[in-house]
Amino acid sequence: QVPLVESGGGLVQDGGSLRLSCAASGSRFTLAIMAWFRQAPGKEREFVGQINYNGGNTEYEDSVKGRFTISRDNTKNTVVLQMNRLKPEDTAVYYCAADVPPLLAWGTHLESEYEYWGQGTQVTVSS
């Protein structure tokens, strides 16, 4: 069983919205720091944002602040990335990642600190 599965990607016009979901299997993910990363064509994967175990703390990469929101529902083992006012430069494959048990220092976003990764979902924003 795949621990993390993303869904909700697709094609949207400049200025539009998309809602990505990450479904986690296993109760251990209710303790996890859950993050979103993205990788645009020809670029390295980059941090988008993350949320702590109870949703009380979030942080975002500067270019998405005010446009993207991460939330979680631990009763459903789901993390959501709500993306508003999308821009063509947001086009990328978006990945869900989990640090469980949560060991990383808040504020650090090294890929190596996240033990679980989803397969990714494509988001394309047309101009």
Side-chain angles (χ1 to χ4, degrees):
Q1 192 174 17
V2 178
L4 301 176
V5 178
E6 302 97 334
S7 62
L11 174 64
V12 64
Q13 289 188 333
D14 189 358
S17 298
L18 276 177
R19 181 182 174 93
L20 305 184
S21 293
C22 174
S25 59
S27 59
R28 64 191 185 280
F29 288 100
T30 60
L31 299 176
I33 292 172
M34 301 295 296
W36 289 93
F37 285 75
R38 65 186 180 186
Q39 186 167 22
K43 296 186 177 181
E44 293 187 351
R45 190 155 55 183
E46 66 173 0
F47 174 80
V48 174
Q50 66 184 7
I51 188 167
N52 75 333
Y53 78 101
N54 66 358
N57 202 1
T58 56
E59 62 174 324
Y60 301 92
E61 191 268 331
D62 286 346
S63 70
V64 308
K65 284 181 181 177
R67 300 188 298 123
F68 291 11
T69 303
I70 299 174
S71 60
R72 68 190 297 163
D73 184 344
N74 284 340
T75 65
K76 299 179 180 179
N77 268 11
T78 300
V79 177
V80 170
L81 176 65
Q82 177 66 44
M83 304 185 294
N84 298 326
R85 292 184 280 138
L86 282 160
K87 306 175 182 180
E89 51 264 42
D90 294 318
T91 294
V93 177
Y94 283 71
Y95 297 90
C96 176
D99 173 35
V100 56
L103 299 177
L104 66 84
W106 193 258
T108 64
H109 323 115
L110 296 176
E111 290 187 32
S112 59
E113 293 176 318
Y114 300 90
E115 292 81 13
Y116 298 93
W117 291 82
Q119 81 289 350
T121 185
Q122 177 70 48
V123 171
T124 303
V125 185
S126 63
S127 57

Q) Does Val123 share a hydrophobic cluster with Ile70, counting links as ILVMFWY side-chain heavy atoms below 4.5 Å and allowing steps through other members? A) yes
Q: With sequence neighbours left out, write down each residue that passes side-chain hydrogen bond (donor to acceptor under 3.5 Å, both in side chains) with Tyr95, or none if nothing qualifies.
A: none
Q: List in chain and number order the residues that pass ring-ring contact (aromatic ring centres under 6.0 Å, His included) with Tyr114, two or more places apart in sequence or in another chain; answer none if no residue qualifies.
A: Phe37
(Q) Starting from Tyr53, can I reach Tyr60 by hopping between I/L/V/M/F/W/Y residues whose side chains sit under 4.5 Å apart? (A) no
Q: With sequence neighbours excluded, tell me which residues meet side-chain contact (heavy atoms from CB on, under 4.5 Å) with Val12.
A: Leu18, Leu86, Val125
(Q) According to ring-ring contact (aromatic ring centres under 6.0 Å, His included), who are the partners of Tyr116, at least two apart in sequence or on a separate chain? (A) Phe29
**Q.** Side-chain touch Pro102/Asn52, heavy atoms, less than 4.5 angstrom
**A.** no
**Q.** Glu113 side chain to Asp99 backbone, donor-acceptor under 3.5 Å
**A.** no
Q) Is Leu20 reachable from Val64 through a run of I, L, V, M, F, W or Y residues, each pair having side-chain heavy atoms under 4.5 Å apart? A) yes
Q) Hey, are the side chains of Arg19 and Leu81 touching, using non-hydrogen atoms and a 4.5 Å cut-off? A) no
(Q) Pairing donors with acceptors under 3.5 angstrom, does anything connect the side chains of Glu61 and His109? (A) no
Q: Could you list all the salt bridge (Lys or Arg N to Asp or Glu O under 4.0 Å) pairs where at least one residue sits in residues 67-80, not counting sequence neighbours?
A: Arg67-Asp90
Q: Check Gly120 against Glu6 and note the closest heavy-atom contact, atom names and distance.
A: N-OE1, 2.9 Å
Q | Cluster link Val80 to Phe68, ILVMFWY, side chain under 4.5 Å | A | no
Q) Are Met34 and Leu4 side-chain neighbours, meaning at least one heavy-atom pair lies under 4.5 Å? A) yes
Q: Return the minimal non-hydrogen interatomic distance between Ser63 and Arg38, and the atom names on each side.
A: OG-NH2, 3.4 Å
(Q) Looking at every heavy atom in both Gln39 and Lys43, which two are closest together, and how far apart are they? (A) NE2-O, 3.1 Å
Q: Heavy atoms only: give me the nearest Leu104-Gln50 pair and the separation to one decimal.
A: CD1-NE2, 4.1 Å
(Q) Any non-hydrogen side-chain atom of Ser25 less than 4.5 Å from a side-chain atom of Asn77? (A) no
Q: Using side-chain hydrogen bond (donor to acceptor under 3.5 Å, both in side chains) as the criterion, list what pairs up with Thr78, not counting sequence neighbours.
A: none
(Q) Looking at every heavy atom in both Gln82 and Ser17, which two are closest together, and how far apart are they? (A) NE2-CB, 4.1 Å
Q. Rounded to the nearest 0.5 Å, how far does NZ of Lys87 lie from OG of Ser127?
A. 14.0 Å
**Q.** Joint cluster assignment, Trp117 & Ile33, ILVMFWY side-chain distance < 4.5 Å
**A.** yes
